[in-house]
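Keep in mind the model is a prediction, meaning the values are calculated, not measured.
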Amino acid sequence: MKKINLIMLTSLLAILLAACTSNTEETSDNHEDMNANTEESSKMDHSEMNHSGSGEVPEGLKEAENPTYKVGSQAILETDHMEGMKGAEATIAGAYDTEVYAVSYTPTTGGDIVENHKWVIHEEIEGAGNTPFKPGEEVVLNADHMEGMNGAEAVIDSVEETTVYMVDYTPTTGGEEVKNHKWVTESELSPIEE
């Protein structure tokens, strides 16, 4: 009787170990898939981005009195919001003092959540008063930088008070000039070496 119990216990243990091993492999595969998805979402897909804008700015946005980069001057883009942006020479089309936000939102057109989109300014948020929003707050966007952004519910990821710039530039990858790109922060620009 003890031998039968021992054999049954051993068999049961072997079955459980086999099931755990199989489950671990599936879990490992799932983690690899999740990591791949996380990497993909961290590299924002800006194919739906409205590369050029009208140059119109939201009501109440104040022009910067003494910006580091004056309107009409040139600077080098040090950011990669879009392919061909980093290293491009830009002409400053506008300079404004405001709060800028990185936001995560689900497009009104459907699809995956857009995480840590940079940038939306204070004046592009529905019902924005005089007090800056805090990380974690839920808001509604009144910006149309990307398809499905206007009217989307969003969560504030980060906030920074700074000068933001609207810029014109030709992508380093070639193609047409991008006009009135919104927005680039002061820290995402560098002076042109002479």
Side-chain angles (χ1 to χ4, degrees), residues 34-58 61 63-64 67-125 141-152 154-194:
M34 283 174 45
N35 288 340
N37 289 340
T38 303
E39 287 173 24
E40 285 174 22
S41 66
S42 69
K43 296 175 186 168
M44 286 191 281
D45 176 13
H46 287 92
S47 60
E48 302 298 322
M49 189 159 200
N50 298 328
H51 301 281
S52 289
S54 66
E56 291 180 30
V57 296
L61 182 60
E63 287 188 16
T68 301
Y69 301 97
K70 305 214 179 308
V71 174
S73 69
Q74 294 188 316
I76 301 295
L77 293 169
E78 298 294 344
T79 186
D80 58 357
H81 298 177
M82 297 187 306
E83 189 178 339
M85 196 174 208
K86 189 170 179 75
E89 196 170 292
T91 300
I92 306 301
Y96 308 91
D97 288 331
T98 188
E99 287 85 20
V100 295
Y101 302 95
V103 297
S104 294
Y105 69 96
T106 302
T108 58
T109 52
D112 295 335
I113 189 168
V114 176
E115 295 182 342
N116 202 37
H117 172 83
K118 297 179 180 175
W119 301 102
V120 173
I121 61 172
H122 190 73
E123 293 76 8
E124 293 175 319
I125 296 177
L141 304 177
N142 284 340
D144 60 0
H145 308 172
M146 298 180 72
E147 192 175 315
M149 181 180 254
N150 197 16
V155 174
I156 303 292
D157 295 323
S158 68
V159 60
E160 179 183 345
E161 187 173 340
T162 187
T163 302
V164 294
Y165 297 88
M166 183 165 44
V167 297
D168 300 337
Y169 71 96
T170 300
T172 58
T173 52
E176 293 181 25
E177 182 182 21
V178 175
K179 302 282 280 177
N180 302 314
H181 174 79
K182 299 172 188 168
W183 302 101
V184 178
T185 62
E186 193 159 294
S187 64
E188 293 175 324
L189 294 169
S190 66
I192 293 177
E193 300 290 329
E194 292 187 24

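Shortest non-hydrogen contact noted between Met85 and Leu77 is O-CB, 3.4 Å. Glu78 and Lys86 make their closest contact through O-NZ, 3.4 Å (heavy atoms, listed as atom of the first residue, atom of the second, distance). Here the closest heavy-atom approach between residue Lys118 and residue Ala102 is recorded as CG-CB, 4.0 Å. Minimum interatomic distance between Asp157 and Ser104 (heavy atoms only, all atoms of both residues): OD2-OG, 2.7 Å. Heavy-atom minimum distance, Ala90 versus Val167: CB-CB, 4.0 Å. Nearest heavy atom pair, residue Val114 against residue Pro107, reads CG2-CG, 4.1 Å.
For the pair Tyr105/Ile113, no side-chain contact is recorded, criterion being any heavy-atom separation below 4.5 Å from C-beta on. Under the 4.5 Å side-chain criterion, counting only non-hydrogen atoms from C-beta, Leu189 is in contact with Ile92. Looking at Val103 and Leu141, their side chains come closer than 4.5 Å, going by heavy atoms from C-beta outward. With contacts defined as side-chain heavy-atom distances shorter than 4.5 Å, the pair Thr98/Leu61 qualifies. At least one side-chain heavy atom of Val57 sits less than 4.5 Å from a side-chain heavy atom of Trp183. Between Tyr169 and Gln74, the closest side-chain pair of non-hydrogen atoms is not below 4.5 Å.
The distance from the CD atom of Glu124 to the CG atom of Asn142 is 8.5 Å, given to the nearest 0.5 Å. Note that the CG atom of Asn116 and the OG atom of Ser158 stand 6.0 Å from one another [nearest 0.5 Å]. Between the CG atom of Asn150 and the OG1 atom of Thr109 there is a distance of 11.5 Å, given to the nearest 0.5 Å. Distance CD1/Ile156 to CD/Glu99: 10.5 Å, rounded to 0.5 Å. Summarising the geometry, atom NE2 belonging to His122 is positioned 13.5 Å from atom CG belonging to Asp97; distances are rounded to the nearest 0.5 Å. The OG1 atom of Thr163 lies 12.0 Å from the CD atom of Glu63; values are rounded to the nearest 0.5 Å.
Side chains of Thr91 and Asp168: a donor-acceptor N/O pair is absent below 3.5 angstrom, by distance only. Counting only N and O atoms by type, the side chains of Trp119 and Glu188 include a donor and acceptor under 3.5 Å apart. Side-chain N/O atoms of Thr185 and Glu160 include no donor and acceptor closer than 3.5 Å. Counting only N and O atoms by type, the side chains of Thr68 and Glu186 include a donor and acceptor under 3.5 Å apart.
Residue Val100 is tested with Ile121, Val159, Val120 for a side-chain contact (heavy atoms from CB on, under 4.5 Å); the sole match is Ile121.
Proximity of a side-chain donor or acceptor of Lys182 to a complementary backbone N or O of Tyr165 within less than 3.5 Å is not detected.
Classification of the His117-His145 ring pair by plane angle, with boundaries at 30° and 60°, yields tilted. Using bins of under 30°, 30° to 60° and over 60° for the plane-to-plane angle, the ring pair His81/His181 lands in the tilted bin.
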